[in-house]
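If you read the sequence from its start, that first residue is 1, and numbering goes on from there. Values below: every heavy atom of this structure, side chains too, minus hydrogens, waters and symmetry copies.
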Amino acid sequence: MKVQDVMTREPSCVTPGASIREAAQLMQREDIGIVPVVDDKGSNRLVGVVTDRDIAIRVVAQGRDADLRVSEIMSTSRLATCNVDDDISEVMEAMASEQVRRIPIIDDRGTLVGIVAQADVVRKARDADRAERTVQQISEPTGKHKQ
């Protein structure tokens, strides 16, 4: 099964110049926990992501203002992505190794074309055992919570 068979197409996104408030309102409106960040809405080239955790840790916990720009808190390095033509097993491997629940999907030019969530993999994967192992690896405790 290919990524294109399970991904959500044309996910909502923001640009680096958007405010944190705008990103959070988008998350609220669409009931999502990650927003891809694209260089501009015309090219849709993926340049980062902002998550609900980024907002909680880098804005709220530090007492910063919600009018900050997304560019000030977005994750840009080591972005876990997959290609639209990848096999679903590659998405599961990336999710497990990076311990992330969502993966932006790009084409060969780096253009954002979709997103795959852990739930998509679990619902649509043909290999239920592998999907279960992926969820377990994603949820493996690290740091203080590791026992």
Side-chain angles (χ1 to χ4, degrees), residues 1-61 66 68-143 145-146:
M1 181 177 288
K2 297 290 184 185
V3 168
Q4 61 192 349
D5 299 324
V6 300
M7 73 181 191
T8 298
R9 296 178 184 278
E10 299 177 20
S12 296
C13 54
V14 295
T15 62
S19 72
I20 297 303
R21 185 180 323 281
E22 291 172 87
Q25 289 170 337
L26 178 61
M27 289 176 181
Q28 178 185 36
R29 189 170 51 251
E30 300 204 6
D31 193 24
I32 55 178
I34 186 173
V35 176
V37 182
V38 296
D39 58 350
D40 66 62
K41 300 279 178 140
S43 74
N44 253 20
R45 188 177 60 81
L46 184 68
V47 295
V49 296
V50 63
T51 66
D52 47 6
R53 186 173 194 282
D54 292 330
I55 293 170
I57 302 295
R58 298 178 184 162
V59 179
V60 177
L68 284 171
R69 297 290 155 226
V70 167
S71 60
E72 295 183 55
I73 69 154
M74 70 185 198
S75 299
T76 58
S77 62
R78 288 194 45 208
L79 283 181
T81 63
C82 285
N83 191 280
V84 69
D85 295 322
D86 287 346
D87 190 80
I88 195 67
S89 64
E90 293 175 69
V91 171
M92 288 191 282
E93 185 176 310
M95 286 179 167
S97 67
E98 296 296 321
Q99 289 192 300
V100 295
R101 290 175 170 77
R102 304 162 199 95
I103 300 276
I105 307 303
I106 58 173
D107 65 14
D108 293 332
R109 296 180 314 246
T111 302
L112 176 70
V113 294
I115 196 158
V116 173
Q118 173 182 310
D120 299 325
V121 171
V122 171
R123 278 195 309 268
K124 298 175 184 176
R126 292 185 183 130
D127 185 348
D129 291 335
R130 176 125 192 236
E132 182 181 342
R133 285 191 308 273
T134 299
V135 170
Q136 287 174 343
Q137 290 172 317
I138 291 169
S139 302
E140 185 70 30
T142 60
H145 299 287
K146 190 170 187 170

Is [X] reaching over with its side chain to a backbone N or O of [Y], donor-acceptor style, under 3.5 angstrom?
X: D39; Y: R45; result: yes
X: R9; Y: G114; result: no
X: D54; Y: I57; result: no
X: T111; Y: D107; result: no

If you apply the rule side-chain contact (heavy atoms from CB on, under 4.5 Å), what do you find for R58 with S75, and how did you get there? CA-CA 11 Å; R58 298 178 184 162; S75 299; 3.7 Å; yes
So which atom in [X] and which in [Y] form the shortest heavy-atom distance, rounded to 0.1 Å?
X: V14; Y: A23; result: CG1-CA, 4.4 Å
X: V37; Y: V70; result: CG2-CG1, 3.7 Å
X: L112; Y: P104; result: CD1-CB, 4.1 Å
X: V50; Y: I73; result: CG2-CD1, 3.7 Å
X: V116; Y: M95; result: O-CE, 3.5 Å
X: I20; Y: R69; result: CD1-O, 4.0 Å

Gap separating the [atom1] atom of [X] from the [atom2] atom of [Y], nearest 0.5 angstrom:
X: D86; Y: K2; atom1: CG; atom2: NZ; result: 7.5 Å
X: D85; Y: I105; atom1: CG; atom2: CD1; result: 10.5 Å
X: R21; Y: Q28; atom1: CZ; atom2: CD; result: 12.0 Å
X: T51; Y: R101; atom1: OG1; atom2: CZ; result: 11.5 Å
X: E90; Y: M92; atom1: CD; atom2: CE; result: 10.5 Å
X: I34; Y: L26; atom1: CD1; atom2: CG; result: 11.5 Å

Between M7 and V113, is there a side-chain heavy-atom distance shorter than 4.5 Å? yes
I would like to know whether E98 and I103 meet side-chain contact (heavy atoms from CB on, under 4.5 Å); could you show each step before the answer? CA-CA 10 Å; E98 296 296 321; I103 300 276; 5.7 Å; no
I'd like to know whether E30 forms a side-chain contact (heavy atoms from CB on, under 4.5 Å) with V35, so could you lay out the CA-CA distance, the side-chain angles of the two residues, the decisive distance to 0.1 Å, and finally the verdict. CA-CA 10 Å; E30 300 204 6; V35 176; over 6 Å; no
